[in-house]
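Contents: one structure, followed by commentary.
No experiment lies behind these values; they were computed from the predicted model shown.
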Amino acid sequence: MYLCLKIWYKTKIVRQKTMSVIEIKKVTDKKSLETFIQFRYDLYRGNPYDAPNLHSDEVKTFRKDYNAAFEFCEAEYFLAYKDGKVAGRVAAIVNHRYNEQWNRPAVRFGWLEFIDDLEVSKALLKAVEDYGREKGMKEIIGPLGFTDMDPEGMLIKGFDQLNTMATGYNLEYYPRHMEQMGGWEKDNDYVEYKLYVPDQIPEKFSKIAQMVQKRYNLQVKKLTKKEVFGPEQYGQKVFEVINKTFGHLYGYSEMSQKQIDQYIKMYFNYLDLDLITLIEDHSLPDHPVVGVGITYPSLTRALQKCRNGRLFPFGWWHIMMALKFKKTEVVDLLLIGVLPEYRAKGANSLLFYDLIPWYQKYKFKWGETHVEMETNEKVQSQWQHLEHEQHKRRRCYKKNL
């Protein structure tokens, strides 16, 4: 009897020593925000498929005094500690504009990262759930950012594929955790495609492009920096088209003027305007912009060489080599949008009729599409004339509170 008690007591002590304590802490100052940002760089260091963001961009995204999305969003950031060490992070977001537009009182979880420990992922998502209940929300959805311009969805297929700066990456065990936790179900799936640059423009693109130019007087417009930022306000026109094009899609909330101003500076100050194509309707007096194609050389490999997302001491060189000298085989298709009434007229073909020769000139081998809803067959049908591969899939989850 004494021996049994002694064994039981020793076993209990060992279990107590090996039990891990998960502690959730709210980000409250610059130091804890830096810990929040740094955790991801540490977790993915050396991963060949990840596309880490620049540290400066991350700070601007999460700072409430900078990000224009806080005009209609509120958020809190949480860190998980296991045995005193950082083990995960998550953002809890309420996008009031989206919730009102879609009549959906939901709290979003975004920028979710964690070690392979189910107790850590559970604790992080519970923190978001508790935050959502405090705000009167009825469900939790995600991964989603503040708006559609942030990374969306959790990668569930394509863990061995190069990812893009705009879409992000996550480790293979993430969706397994979602399944093991229970209570979560699919809310929406996105698909992504690899598009191979052809040696010649597909005949179908050429015929349709020439037809729409002649029949509908739709014309290609290439931009200058002066037109983007000057009185012509082409930067403004571009994002007005994006608002109208994407307004009906899952997770989308209309961009405010402050957001548009930020995105104009963010994209047009460094992107190669040769790789940006607009479509104008010259049958109308003011030649309105009706289609937009914003593409740029992939920065993924360059970003992987920026230690902790920093441009200095050598990160700037790799970014410049990708942007200015096109030292990459991949082009990222960031934003491709055509107003609904012009899609049936073949305006999409006109976009690629102009862009493909530029891709050939810069010797890109393939393009990476942005996320597309799996149900958006009209968008996916435009790839039928190109050699393509559906190589990645992402999922947004939901759970009732």
Side-chain angles (χ1 to χ4, degrees), residues 51 54 56-57 149 164-166 195 197-198 201 205 209 212-213 218-246 255 257 259-282 286-303 311 316-339 342 347-370 382:
L54 288 175
S56 56
D57 289 343
M149 303 298 283
T164 70
M165 184 172 65
L195 310 173
V197 177
I201 299 176
F205 277 165
V212 300
Q213 287 174 307
L218 301 183
Q219 303 297 329
V220 166
K221 170 66 180 177
K222 303 301 282 189
L223 294 173
T224 65
K225 280 284 177 70
K226 183 179 178 181
E227 289 174 320
V228 171
F229 298 102
E232 296 91 345
Q233 292 192 316
Y234 269 97
Q236 177 73 27
K237 293 175 183 179
V238 164
F239 285 98
E240 286 175 356
V241 170
I242 297 301
N243 260 341
K244 293 176 182 176
T245 302
F246 296 156
M255 286 179 281
Q257 187 57 52
Q259 280 183 291
I260 290 174
D261 292 340
Q262 284 187 346
Y263 289 133
I264 290 172
K265 291 178 183 178
M266 183 187 302
Y267 293 123
F268 289 105
N269 268 326
Y270 72 87
L271 294 185
D272 184 342
L273 296 181
D274 289 340
L275 299 178
I276 297 176
T277 299
L278 308 186
I279 304 299
E280 293 182 330
D281 186 347
H282 283 217
D286 297 329
H287 299 175
V289 176
V290 301
V292 174
I294 299 179
T295 69
Y296 62 94
S298 172
L299 296 178
T300 299
R301 294 301 187 203
L303 288 166
L311 287 174
W316 64 273
W317 170 257
H318 300 292
I319 297 293
M320 185 182 71
M321 292 298 286
L323 285 176
K324 189 173 179 64
F325 299 107
K326 315 299 185 295
K327 296 298 183 180
T328 175
E329 297 180 338
V330 189
V331 59
D332 286 350
L333 281 59
L334 178 65
L335 293 170
I336 307 293
V338 173
L339 294 180
Y342 288 89
N348 294 65
S349 294
L350 190 53
L351 283 174
F352 287 101
Y353 181 70
D354 177 75
L355 286 169
I356 287 174
W358 290 105
Y359 299 162
Q360 294 167 335
K361 176 183 176 180
Y362 291 133
K363 296 182 171 54
F364 295 134
K365 291 187 177 180
W366 79 85
E368 290 275 351
T369 70
H370 200 19
Q382 67 186 325

Among pairs that include at least one residue of residues 224-242, which meet salt bridge (Lys or Arg N to Asp or Glu O under 4.0 Å), considering only residues two or more places apart or in two chains? Lys221-Glu227
Close side-chain approach of Leu278 and Leu223, heavy atoms under 4.5 Å: yes
Rounded to the nearest 0.5 angstrom, the CH2-CG distance for Trp316 and Leu54 is 14.5 Å
Residues 265-272, side-chain donor-acceptor partners within the protein, below 3.5 Å, at least two apart:
unit_1	atom_1	unit_2	atom_2	d
Asn269	ND2	Lys265	O	3.1
Asp272	OD1	Asp274	N	2.9
Asp272	OD2	Lys326	NZ	2.9
Asp272	OD2	Tyr362	OH	3.2

Distance in Å, Ile276 CD1 paired with Leu351 CG, rounded so as to fall on 0.5 Å steps: 12.0 Å
Looking only at non-hydrogen atoms, find the nearest pair between Pro357 and Ile201 and report the distance. CG-CD1, 3.7 Å
Considering only heavy atoms from C-beta outward, does the side chain of Val197 approach that of Gln360 to under 4.5 Å? yes
Is it the case that the side chain of Glu329 and the backbone of Lys363 share a donor-acceptor pair, with hydrogens and angles ignored and the cut-off at 3.5 Å? no
Would you check if the side chain of Thr295 reaches a backbone N or O of Leu275 as a donor-acceptor pair within less than 3.5 Å? yes
Do side-chain atoms of Asp281 reach the backbone of Pro288 as a donor and acceptor pair under 3.5 angstrom? no
Heavy-atom side-chain contact between Leu335 and Ile242 under 4.5 Å: yes
With Lys324, which residues qualify under salt bridge (charged side-chain N to carboxylate O under 4.0 Å, His left out), at least two apart? none
Go through it in stages, so that I can follow the logic: the residues are Val241 and Val290, the test is side chain to side chain contact (heavy atoms under 4.5 Å, CB included), and I'd like the CA-CA distance, side-chain angles, deciding distance and then a yes or no. CA-CA 7 Å; Val241 170; Val290 301; over 6 Å; no
Within the 4.5 Å heavy-atom criterion, are Leu333 and Phe352 side-chain neighbours or not? yes
Examine the side chains of Asp354 and Thr277 and answer whether a donor and an acceptor come within less than 3.5 Å of each other. yes
State the CH2-CG distance between Trp366 and Asp332, to the nearest 0.5 angstrom. 10.5 Å
Quick one: does Val238's side chain get under 4.5 Å of Tyr263's, heavy atoms only? no
Check each of Ile260, Asp261, Val292 against Phe239 using the side-chain contact (heavy atoms from CB on, under 4.5 Å) test, and report the only one that passes. Ile260
Are the side chains of His318 and Lys327 in contact, using a 4.5 Å heavy-atom criterion? no
Carefully, step by step, assess Phe364 and Thr328 under the rule side chain to side chain contact (heavy atoms under 4.5 Å, CB included). CA-CA 7 Å; Phe364 295 134; Thr328 175; 4.0 Å; yes
